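The model shown is predicted, which means the values in this text are computed figures rather than measured ones. Both backbone and side-chain heavy atoms feed into the values below; hydrogens, waters and symmetry mates do not. Counting starts at 1 for both ligands and their atoms, following the listed order.
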Amino acid sequence: MHPHRFYTLTASCPDRSGIIARVAGFIAEHRGWILESSYHADAAVEPVETRAEAGRYTMRIEIRADSLPFHLAEFRERFRPIAEELGMVWKISDSAVKKRVVLLVSKQEHCLYDLLARWQSKELDIEIPCVISNHDTFRGFVEWHGIPFHHVPVSADNKAAAFAEITRLFEEVRGDTMVLARYMQILPPELCAAYPGQIINIHHSFLPSFVGARPYHQAYQRGVKLIGATCHYVTGDLDQGPIIEQDVIRIDHSDSVDDMVRYGKDIEKAVLARGLRYHLEDRVLIHGNKTIVFR
Ligand SMILES: Nc1nc2c(c(=O)[nH]1)N[C@@H](CN(C=O)c1ccc(C(=O)N[C@@H](CCC(=O)O)C(=O)O)cc1)CN2
């Protein structure tokens, strides 16, 4: 992370020659100072004449804010014609504006505790406007951190009302990102559709293996030699959303399910923290059901 305040431009467009020249030329024309830039072209697609046939070209550029003669709003106005010319889907964010991250948790403490510790130490430079849980277990711990805690019980006959309340709370606190920190309720499709690319889950398996509930029990029954964790965006298809980050750890025949759960917690915490940071730094671009992560 740079000491300077910077803007992050992320964009994707139909691939063609001259994209970088056009974008970097615009920045240079205004004496902008590029701190970091990353680019990715879809698998080699023959040069084509029409946009419809082209692969996607993806970029991420960090620009030192004080090197430009205008602020973000004017950057957007001046850049828009270039983006339209290139058929870009794009956004630009300001490193000085902290993301507002709402945490959701059920009964497992480890990911919640880990994220709160990283927040409290300022390793994660974010706002946590509230924590929401379907259990009251962690109220004291969360409120000790000076963070509002909302207990929203979920049962088979109140799901619609419960998730309407979660949506209301997320809007009320102007949330940017929702993190399911071992939150063990399946979000309704309409909630997932309302916030594409804004809800992150940590699944306690190396997806696509062992989707759904109790993946360590599934892994034990299968006799795997590696277990893992997957940080992914949440969609209406359970544990099928675009993968952001993964990791694995070796196990063997002598390990019980409890051993797997214990080893797995360390992996889950690390994978969620890395995946969340990539997301917060606008390093993750979703492309279909996959991601490009400019690490
Ligand atoms: N719409 C989505 N919701 C959630 C996703 C997702 O990908 N899409 N990921 C899960 C997390 N998860 C595993 O990581 C998971 C959580 C819960 C269940 C489940 O079967 N839950 C039961 C209730 C269990 C209980 O009450 O303890 C249920 O919701 O009926 C499976 C997988 C988070 N949500």
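- Aromatic ring orientation, Tyr113 versus Phe141: parallel (interplanar angle below 30°, classes split at 30° and 60°).
- Taking every non-hydrogen atom of Cys192 and a distance limit under 4.0 Å, the qualifying atoms of ligand 1 come out as 1 (N).
- The shortest heavy-atom distance from Ile199 to ligand 1 is not under 4.0 Å.
- With distances taken over non-hydrogen atoms, the option nearest atom 28 (C) of ligand 1 out of Lys159, Lys107, Gln240, Glu268 is Lys159.
- Between Leu187 and ligand 1, at least one N/O pair is under 3.5 Å apart.
- Contact of the Ile20 side chain with the Tyr57 side chain is registered, since non-hydrogen atoms from C-beta on lie closer than 4.5 Å.
- Put simply, the side chain of Glu85 reaches to within 4.5 Å of the side chain of Arg22, judged on heavy atoms.
- Note: Tyr183 and Phe163 have perpendicular aromatic rings, judged against thresholds of 30 and 60 degrees for the angle between ring planes.
- Given atom 5 (C) of ligand 1, the protein heavy atom at minimum distance is Leu238 CD1, 3.5 Å.
- The closest side-chain heavy-atom distance from Ile61 to Tyr39 is below 4.5 Å.
- Nearest protein heavy-atom contact of atom 29 (O) of ligand 1 is Ile186 N, 3.1 Å.
- The Leu180 neighbourhood of ligand 1 comprises atoms 33 (C), 34 (N), with distances under 4.0 Å to a heavy atom of that residue.
- For Gly241, the heavy-atom gap to ligand 1 stays at 4.0 angstrom or more.
- Heavy-atom proximity to His203, at under 4.0 Å, picks out these atoms of ligand 1: 13 (C), 14 (O).
- Listed by number with element, the atoms of ligand 1 under 4.0 angstrom from any heavy atom of Tyr183 are 11 (C), 33 (C).
- With Thr230 contributing its side chain and Gln246 its backbone, the two residues share no donor-acceptor pair below 3.5 Å.
- Close approach to Asn201 involves these atoms of ligand 1, each under 4.0 Å from a residue heavy atom: 9 (N), 10 (C), 11 (C), 14 (O).
- More than 12 heavy atoms of other residues, nucleotides or ligands lie within 6.0 Å of CH2 in Trp90, so this atom counts as buried by the packing criterion.
- Here Asp239 has heavy atoms under 4.0 Å from ligand 1 in both its backbone and its side chain.
- At a heavy-atom cutoff of 4.0 Å, ligand 1 is contacted by the backbone of Thr235 but not by its side chain.
- By the 4.0 Å heavy-atom criterion, His232 is counted among the residues contacting ligand 1.
- Atom CZ of Arg262 sits in a crowded spot, with more than 12 heavy atoms from other residues, nucleotides or ligands closer than 6.0 Å.
- For NE2 of His135, the number of neighbouring non-hydrogen atoms (other residues, nucleotides, ligands) closer than 6.0 Å is greater than 12.
- Side chains of Thr177 and Ile126 form no contact here, defined as non-hydrogen atoms less than 4.5 Å apart.
- Of all protein heavy atoms, the one lying nearest to atom 26 (O) of ligand 1 is Gln185 NE2, 3.1 Å.
- Here atom 22 (C) of ligand 1 lies nearest to Met184 when heavy atoms of His135, Arg214, Met184 are compared.
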